[in-house]
Every structure is written in C-alpha cells, then in structure tokens.
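First comes the structure, then the notes that go with it.
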Amino acid sequence: MSYPAGSLVLVAGLPGAGKTTLLDRLYDLDGDETLPVPAGDVRVIDSRQARNWWSRGLRFLPARVRTPLIHTTHVWRIARAIIAGHGVVAHTRGTWPHILHFFAWLTRRRGNRLHLILLDVDPSTARAGQIARGRVVTAATFARHCRRWQPLVDRARGGDPLPPASGVTVLDRDAADKLRTIHFT
C-alpha cells in the first residue's frame with residue numbers, strides 16, 4: 001500500500017482484530033517499545049507503547065483510571081507526530097468519530113490527508129484475539145464497539161466515503177496477512 005508523504009494512516013478495527021499484530025509484523029516491533037518508533041520519516045504509533053510507558057507508575061490504579069490516561073497519551077503522540085510533519089501509521093479503534101475528525105483537521109493543517117485501513121474481522125474472531133493477547137475488554141465495551149464498527153465497514157464496502165478520511169481500504173484477516181509494506185512516497 002502506498003500513501004503520500006506526510007499522510008496519517010490509521011489502522012482501525014475492533015479490539016482484538018489484529019491491529020497491533022499487523023504493525024508488529026510490518027515494522028518489526030517487539031512489544032516492549034514505550035515510545036513511537038521511527039521508520040525513516042514515518043512514526044509508527046501503537047497504543048501499547050503508551051500502555052508500556054505508564055505500566056510501572058500506574059500499575060496500582062484500576063483499569064478505569066489507567067485507560068483514559070493511556071488513551072490520551074496515545075492520541076497526544078499521534079497529534080505531536082502530525083504537527084512535526086511526519087508521516088504516521090497508527091493503531092486506532094476507529095469508532096470514535098470525534099478523534100478521527102480531530103486527526104483529519106490536524107493533518108489537513110499540515111497539507112496532508114488522513115487514510116483509514118479497516119481490519120474487518122467478525123466479532124468472534126476479534127474476541128478470540130483479545131483472549132489470545134490476554135487483554136479482554138468488557139462485554140459492554142465490546143458490544144458498543146461492534147455496534148459502531150459494522151456501519152463503518154458496511155459504508156466502506158459499499159463504496160461510500162467515510163468522512164473525514166480521504167481514502168479507506170478494507171482488509172479481511174487474509175488480506176491483512178498478505179500485506180507486506182505501507183509506503184510513503
């Protein structure tokens with residue numbers, strides 16, 4: 001896949017869909033990173049990096065307190081990389097439209113565009129992915145993501161635009177497994 005230099009490419013999907021696995025494979029991440037990973041002029045940003053960053057200092061806090069701080073750190077890191085003019089490949093759930101609009105606005109201010117890669121797996125596969133990684137979101141949270149996710153995928157598969165993204169690519173698990181590179185030209 002190829003995108004213009006300076007683009008923001010968000011890899012989105014249900015929790016457990018394989019977003020982190022894809023980034024690990026494409027960018028040789030080992031899972032211990034605490035900061036965004038440079039890949040040339042591109043920054044690879046996974047929410048796991050923020051979780052690792054805060055893990056020692058916040059381990060005593062309940063997840064409902066840790067999660068918003070980790071999410072805010074993740075969003076801040078993406079925004080900072082965009083403002084610095086880097087191309088960005090980042091993990092996102094994709095189901096929070098206000099975050100997508102914020103990123104698109106920032107990216108446009110730099111003269112670039114937001115692109116989405118939607119990893120479309122069925123909910124049972126995503127749930128199995130959560131179990132395999134050892135981090136399972138609550139049933140209510142997962143149900144909310146599923147309700148928001150399906151209309152996005154249906155629109156994208158139907159050829160409808162997904163504002164604020166300039167482009168959307170939907171990949172099932174097999175197609176994601178075959179993806180070898182994301183280029184910025």
Note to self: Any carboxylate oxygen within less than 4.0 angstrom of a Lys/Arg side-chain nitrogen, looking at D120 and R157?
What the structure shows: yes

Item checked: Transitive ILVMFWY side-chain link L114 to V75, under 4.5 Å -> yes

Margin query: Quiz question: by atom type and distance under 3.5 Å, do the side chains of D24 and T21 form a donor-acceptor pair?
Written below: no

Next item on the list: Could you check if a side-chain atom of P4 sits within less than 4.5 angstrom of a side-chain atom of F184, using non-hydrogen atoms only?
Entry: no

Margin query: Could you walk me through whether D122 and T125 satisfy the side-chain hydrogen bond (donor to acceptor under 3.5 Å, both in side chains) test, starting with their C-alpha distance in whole Å, then the side-chain angles of each, then the deciding distance to 0.1 Å, before giving a yes or no?
Written below: CA-CA 5 Å; D122 63 83; T125 301; 2.9 Å; yes

Margin query: Assess the residue pair W53 and R48 against the criterion (side chain to side chain contact (heavy atoms under 4.5 Å, CB included)); give the C-alpha distance rounded to whole Å, side-chain angles, the decisive distance to 0.1 Å, and a yes or no.
Written below: CA-CA 8 Å; W53 173 266; R48 177 179 61 194; over 6 Å; no

Next item on the list: Kindly determine whether D46 and Q49 satisfy side chain to side chain contact (heavy atoms under 4.5 Å, CB included), including the steps that lead there.
Entry: CA-CA 6 Å; D46 189 298; Q49 297 158 349; 4.2 Å; yes

Notebook entry, point to check: Of the non-hydrogen atoms in P15 and R133, which two are nearest, and what is the gap between them?
Noted result: CB-NH2, 4.1 Å

Item checked: Atom pair SG/CG of C146 and L14 - distance to nearest 0.5 Å -> 4.5 Å

Check: Is the side chain of R113 donor-acceptor paired with the backbone N or O of S7 at a distance under 3.5 Å, no angle test?
Finding: no

Next item on the list: Measure the CD1-CH2 distance between I82 and W105 for me, rounded to the nearest 0.5 Å.
Entry: 10.5 Å

Notebook entry, point to check: Under 3.5 Å, is there a donor-acceptor pair between the side chain of R173 and the main chain of A17?
Noted result: yes

Margin query: Please find the pair of heavy atoms, one from S2 and one from T185, that lie closest to each other, and give the distance.
Written below: OG-CG2, 3.6 Å

Next item on the list: Looking only at non-hydrogen atoms, find the nearest pair between L119 and V11 and report the distance.
Entry: CD1-CG1, 3.9 Å

Check: Would you say I131 and V136 make side-chain contact, with heavy atoms under 4.5 Å?
Finding: yes

Check: Under 3.5 Å, is there a donor-acceptor pair between the side chain of N52 and the main chain of G31?
Finding: yes

Next item on the list: If the plane angle is over 60° it's perpendicular, under 30° parallel, otherwise tilted; pick one for H91 and H74.
Entry: perpendicular

Notebook entry, point to check: Can you hop from W96 to L162 via hydrophobic side chains spaced under 4.5 Å?
Noted result: yes

Notebook entry, point to check: Among the clusters formed by ILVMFWY side chains lying less than 4.5 Å apart, do W76 and I78 turn up in the same one?
Noted result: no

Item checked: Distance-minimising heavy-atom pair for L10 and T92 -> CB-CG2, 3.6 Å

Margin query: Name the residue from V168, L152, V170 that meets the side-chain contact (heavy atoms from CB on, under 4.5 Å) definition with L116.
Written below: V168

Notebook entry, point to check: Roughly how far, to the nearest 0.5 Å, is the OG1 atom of T67 from the CZ atom of R51?
Noted result: 8.5 Å

Notebook entry, point to check: Is there a path from I83 to V88 through hydrophobic residues (I, L, V, M, F, W, Y) whose side chains come within less than 4.5 Å of each other?
Noted result: yes

Next item on the list: Look at atom CG of D30 and say whether more than 12 heavy atoms of other residues, nucleotides or ligands are closer to it than 6.0 Å.
Entry: yes

Note to self: Tell me every residue that passes ring pair (Phe, Tyr, Trp, His ring centres under 6.0 Å) with H183, counting only those two or more places apart in sequence or in another chain.
What the structure shows: none

Note to self: Students often mix this up, so state it plainly: with edges at 30° and 60°, are the rings of Y3 and H115 parallel, tilted or perpendicular?
What the structure shows: tilted

Notebook entry, point to check: Are H86 and R80 close enough, and set up right, to give a side chain to side chain contact (heavy atoms under 4.5 Å, CB included), and what steps lead you there?
Noted result: CA-CA 9 Å; H86 298 292; R80 193 170 117 191; over 6 Å; no

Check: When rounded to the nearest 0.5 angstrom, what is the spacing between CG in L106 and CG in L8?
Finding: 9.0 Å

Notebook entry, point to check: What heavy-atom pair brings I45 and L23 nearest, and what distance separates the two atoms?
Noted result: O-CD1, 4.3 Å

Check: Nearest 0.5 Å, what's the CZ-CG distance between F103 and L100?
Finding: 8.0 Å

Check: Under a single-linkage definition using a 4.5 Å side-chain heavy-atom cutoff for Ile, Leu, Val, Met, Phe, Trp and Tyr, are L29 and I182 assigned to the same hydrophobic cluster?
Finding: yes

Item checked: Geometric cation-pi criterion R59 and W54, 6.0 Å radius, 45° cone -> no

Next item on the list: Supply the atom-to-atom distance R108 CZ to H101 NE2, rounded to the nearest 0.5 angstrom.
Entry: 9.0 Å

Notebook entry, point to check: If we only count heavy atoms from C-beta on, is the T169 to L118 side-chain gap below 4.5 Å?
Noted result: no

Next item on the list: Could you check R43 against V37 for side chain to side chain contact (heavy atoms under 4.5 Å, CB included), going step by step and ending with a plain yes or no?
Entry: CA-CA 6 Å; R43 297 299 176 262; V37 174; over 6 Å; no

Check: Is R180 atom CZ crowded by more than 12 heavy atoms from other residues, nucleotides or ligands, each under 6.0 Å away?
Finding: yes

Notebook entry, point to check: For R147 and P151, which heavy atoms make the closest approach, and how far apart are they?
Noted result: O-CD, 3.0 Å

